[in-house]
Structure formats: C-alpha cells, structure tokens
Amino acid sequence: MLALLIQYFSIIIFGIMKWVYIEDLEKYPEKKVEIRGWVYNKRSSGKIRFLLIRDGTGILQCTMYSADKDSFLFQEFDRLTQESSLILRGVVKKEKRAPGGYEMSIEEMDIIQIAEEYPITPKEHGIPFLMENRHLWLRSQKQHAILKIRSELIKSIRDFFDNRGFRLMDTPILTPSACEGTTTLFETEYFDQKAYLSQSGQLYNEATAMAFGKVYCFGPTFRAEKSKTRKHLIEFWMVEPEIAFATLADIKELGEDLIIYIIERTLDNRQQELEILERDTGPLEAVKKPFPHITYEEAIQILNENNFKMEFGDDFGAPEEAKLAEIYKMPVCVTHFPAKIKAFYMQPADKRPDLVLGLDILASEGYGEIIGGGQRIHDPELLEKKIAEHKLPQQAYKWYVDLRKFGSVPHSGFGLGVERMLSWLCKVKHIRETIPFPRLLYRIYP
RNA sequence: UCCUCGGUAGCUCAAUCGGCAGAGCGGGUGGCUGUUAACCACUAGGUUGUAGGUUCAAGUCCUGCCCGAGGAGCCA
C-alpha cells in the first residue's frame with residue numbers, strides 16, 4: 001500500500017512514468033503510464049488503429065490516430081504480429097467503447113520482439129492441436145481464467161486450514177512401499193532400493209496428526225492407472241486434513257465447511273473469470289450446509305428406484321454418481337460403505353462390522369467424487385488383522401501400526417482433489433484444462 | 001486393455017456414386033476516421049498420417065501399422 005502511494009505521488013510530483021499492470025489501471029486515472037505486454041489482436045480502420053495488448057493481468061485496448069498514414073507509429077503498428085512483445089506508453093482514460101472500459105492513447109511504442117506466425121488464432125481449434133500447444137494455449141482467455149481460479153482455490157484451501165489452526169505437514173513424494181496395495185504406482189530407483197511416487201499423504205498424516213493434533217498436507221499425487229476419462233489425471237493435486245480424536249461426523253462437517261468456503265471465495269474474488277467461462281453461478285450459490293447425507297445402502301436403494309441395477313457391494317460408476325447429484329441438486333455425502341470396496345485402514349461401523357466409516361462427497365452437476373475419506377482404525381490388533389487380510393507386507397507397515405501402540409485415539413481425515421473441485425467450479429468439460437501442464441495417459445508433452 | 005470415431009493447406013473443415021484438391025480463418029499486398037473474433041479487394045500456400053493392395057482412374061474401396069479423440073473398465 002505504501003509502495004503504491006509512493007508510486008502515485010512520484011508520478012504526480014516528478015512526472016516519472018510508471019510500469020503498471022492492466023488490472024491496476026483504475027488507480028492511475030488520466031495518468032500517463034507504461035504497459036508491458038503482448039499483442040492479443042489488432043485492427044485498423046483508415047486513420048485510426050486499434051491494438052489489444054495483454055500483460056497477464058488483463059487486456060487493454062490501445063489506439064493510435066494520425067492523419068498521416070506514413071507516421072512512425074503507424075509503420076511500427078503495421079509490423080506487429082500476434083503475440084509480439086512490446087512496451088507502450090500513453091494516457092489511459094475511461095472509454096465506454098473499449099472492451100474492459102479503459103483505453104490507452106499510444107504516445108510511444110518500443111517493440112521488444114516481432115513474434116513468428118502464432119499458431120493459435122482467435123478462431124476455433126481442435127483438442128489435439130491445443131494440447132500439442134499447451135505451452136501457448138495458457139495465454140488464451142478461457143485457459144487463463146481457469147488457472148486464475150485455480151490459484152484462488154489453492155489460496156482459499158490454505159487459508160481455510162490455516163485459519164482453523166491446522167498445521168501444514170509436507171508428506172514425502174518418494175515412498176518405500178506400495179502403500180495401498182491396490183493402485184498401480186510409478187516405480188523408480190532409490191539407489192539400491194525401489195521407491196514409488198506417492199498416491200496419498202494420508203498414512204504419514206496420521207503420524208503428524210498424533211504429533212500436532214490437526215494437520216493437513218497439500219501436494220501432487222501420482223497414479224499409473226490406465227484411466228482415460230474426463231475425470232482422471234495421472235498427476236493431480238490433493239489436500240488432505242487429518243484430525244486426532246475426530247469422528248466421521250466431525251470430518252463430514254469439515255468437508256462441507258471447506259467446500260462452502262472455497263465456493264464463497266471464488267464467487268467473491270473471481271467473478272470476472274467465471275463470466276469469461278460463462279459459468280452459471282446459480283448451482284454454486286445454492287450450495288448450503290448441511291449437504292444431503294445418505295448411507296451407501298440408502299444410495300443403492302435410491303438408485304434401484306431410479307432404474308439402476310445395483311447390488312450390495314457394487315461401487316458407484318460415473319452414471320450412478322451423476323444420478324445421485326441430479327436427484328439432490330447439491331453435493332451429497334455418502335457414508336457406511338461395504339468394507340470390501342474400501343481400503344484396509346477404515347474403521348468398521350458399530351454393530352455392522354461389514355460396513356466401514358468411510359465418507360465420499362459427490363459434487364453436484366455430475367462432477368463426481370471430490371472428497372474421499374473417513375475414520376481410521378485405532379485398535380492395533382484390528383489393524384494388524386486387516387493388514388494380514390489384505391496381504392500387505394507387515395514390515396512396511398510397522399511404523400503405521402506403532403501409531404496405535406503409543407496413545408492411540410480415534411482419528412479421521414479426508415482428501416479433496418483440487419482438479420476435480422476446480423472442474424466443477426468452472427464447469428469445464430475435461431479435467432485436463434484445470435492444471436497448467438496435465439499429465440494424461442499417453443501424453444507427457446509439453 | 002476393450003469398444004466407437006477420426007487423420008486433407010499453419011488452423012477449422014468441405015470434396016455427392018471411385019472421375020480437375022476447395023472454402024473460411026491465419027500469412028502477404030492494397031483500401032477504409034471508432035474497431036469489438038472488424039470489414040472490403042487481390043494474393044501465396046498441398047508427399048490427402050504411413051506401408052501395401054484393388055482399379056483405366058483412389059482423399060474416397062480393402063489390409064496392416066502409427067497417431068489422436070470420445071466412452072467403458074480400472075481408480076483413498
């Protein structure tokens with residue numbers, strides 16, 4: 001703030017021209033400023049020329065006017081190609097006819113580079129071409145808007161947990177064993193051993209939760225699954241809170257609060273980007289606490305009433321998740337799953353040892369599972385039994401079982417997939433647009 | 001891994017029954033005093049993914065391969 005004031009007064013007093021960003025232009029009314037950016041588009045009409053410049057924070061229409069068509073500025077303008085880099089100086093004024101509401105009258109122009117013929121034109125392109133040019137596609141308005149919302153989303157997640165006294169605990173990406181035993185992991189060499197890229201920080205979170213009470217980890221996770229759908233990435237980001245002494249009910253409420261907080265922050269701070277994406281914000285504004293809450297068995301019953309043929313023990317596929325979301329028009333909490341379809345560490349339900357205290361939260365509008373978690377087993381003997389039943393290597397889980405031997409308490413946590421959440425927020429067709437450089441089955445370029 | 005569809009100009013696509021390879025955008029040249037993915041005129045631009053086959057003749061039909069997309073399965 002002080003820096004801004006100093007900037008502002010130095011412009012007034014000394015007439016020093018300041019490099020400013022387009023998103024900050026309203027702070028410099030009628031002042032001569034400098035903009036540094038790239039040519040987004042240009043148009044000409046006789047004695048007036050229009051230049052749309054983008055600087056990463058916005059797009060500004062700039063004009064030059066001359067009765068002399070051979071003027072220096074016009075000659076320079078005519079050399080410019082799409083995405084050429086340049087510095088412009090001139091006075092910026094409010095202008096109704098300009099997109100964005102502001103317009104610069106160009107007085108000086110320094111060209112830094114004339115760009116080669118830019119492959120992405122303002123017309124439509126196909127997915128393979130855009131993916132091949134992802135490094136340039138990031139400059140396009142919609143991609144830019146999605147990733148700006150991603151940045152806001154990550155900040156809002158961090159603020160949510162930090163404000164509630166959670167400690168950020170970074171969990172390792174290189175792990176010694178195939179922890180879950182179910183998913184295909186990426187294997188790599190670790191000197192004379194083998195290591196695997198992490199698919200979850202949860203097990204380590206359980207250790208840090210016993211040290212710090214309430215913790216969260218936030219980082220990339222990796223899956224070598226040959227999944228080829230609009231909801232799967234090979235490399236994706238996940239935030240995972242874990243709380244000692246918390247039950248299933250506690251983390252269900254935490255999950256609801258987190259989702260509502262993310263939505264509110266996005267609606268408050270990224271309205272412009274949602275408009276660029278033509279996102280109807282109605283379904284987001286409708287999200288209120290508490291979310292509809294059903295058990296797995298109730299979900300099976302509801303689906304069967306809607307012409308699905310589900311049996312106890314079947315997992316939900318994409319059509320089932322979409323149907324539940326359609327019925328409730330809100331995110332839905334599903335709990336009490338069959339033990340058979342969930343991970344080994346899940347706490348069995350009281351009086352129903354065939355069910356576990358798992359929690360899935362399904363996003364509305366068909367975006368599927370955004371949160372998965374539950375209450376963990378805290379009894380050491382039961383945990384060892386489950387490890388044996390799942391035929392997991394006992395030695396690798398020694399430290400994990402240890403956590404149940406030194407002041408074991410009930411504890412719970414969940415994981416929220418950043419890209420799934422962002423897909424829903426932005427209502428994008430495919431998850432590949434929600435991360436700058438998506439890693440997909442058969443694609444690791446660029 | 002399976003199923004379906006596709007690959008033609010830099011990009012998006014067209015090419016009828018197997019019969020001259022075409023348009024818009026982008027590029028270039030010129031015009032236009034407020035444009036909004038500006039507009040108008042002219043212009044350059046092609047090993048039809050690849051290897052074979054059928055045919056007087058293949059972008060078009062057949063076979064293999066390569067690449068991609070959509071979906072399924074898989075998936076804390």
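A note on names: the letters A, B, ... follow the listed sequences, proteins ahead of strands, and every chain is numbered from 1.
Listed candidates were B/rU12, B/rC75, B/rA69. Nearest to the side chain of A/H125 is B/rU12. The A/R43 side chain lies nearest to B/rU35 when the options are B/rC74, B/rU35, B/rG68. Of the candidate nucleotides B/rC74, B/rG34, B/rC11, B/rC74 has the atom nearest to the side chain of A/E225. Of the candidate nucleotides B/rG34, B/rG26, B/rC74, B/rG26 has the atom nearest to the side chain of A/T121. Comparing B/rG34, B/rG26, B/rU1 by their closest approach to the side chain of A/E117 singles out B/rG26. Of the listed nucleotides (B/rU35, B/rA72, B/rG68), B/rA72 has the atom at the smallest distance from the side chain of A/K228. If you check B/rG31, B/rG34, B/rU1 against the side chain of A/S44, the one that comes closest is B/rG31.
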Requested in this report: Check the pair A/F437 / A/W137 against ring pair (Phe, Tyr, Trp, His ring centres under 6.0 Å), numbers first and verdict last.
Outcome: CA-CA 10 Å; A/F437 295 97; A/W137 191 22; over 10 Å; no
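In B/rC17 the base sits syn relative to the sugar, since the glycosidic angle is no further than 90° from 0.
Nucleotides B/rC2 and B/rU60 are separated by 29 Å at their C1' atoms, to the nearest Å.
Pairing for B/rU50 is with B/rG64, a Watson-Crick or G-U wobble pair whose two hydrogen-bonding atom distances lie under 3.5 Å. Judged by Watson-Crick or G-U wobble contacts below 3.5 Å, the nucleotide B/rG34 has no partner.
Remark: A/K42 is positioned above the aromatic ring of A/F77, its terminal NZ or CZ atom under 6.0 angstrom from the ring centre and at most 45 degrees off the axis. Figure legend: cation-pi geometry between A/K386 and A/F344 absent, as NZ or CZ is not positioned both under 6.0 Å from the six-membered ring centre and within 45° of its axis. Under the 6.0 Å distance and 45° angle rule, A/R49 counts as a cation-pi partner of A/F74.
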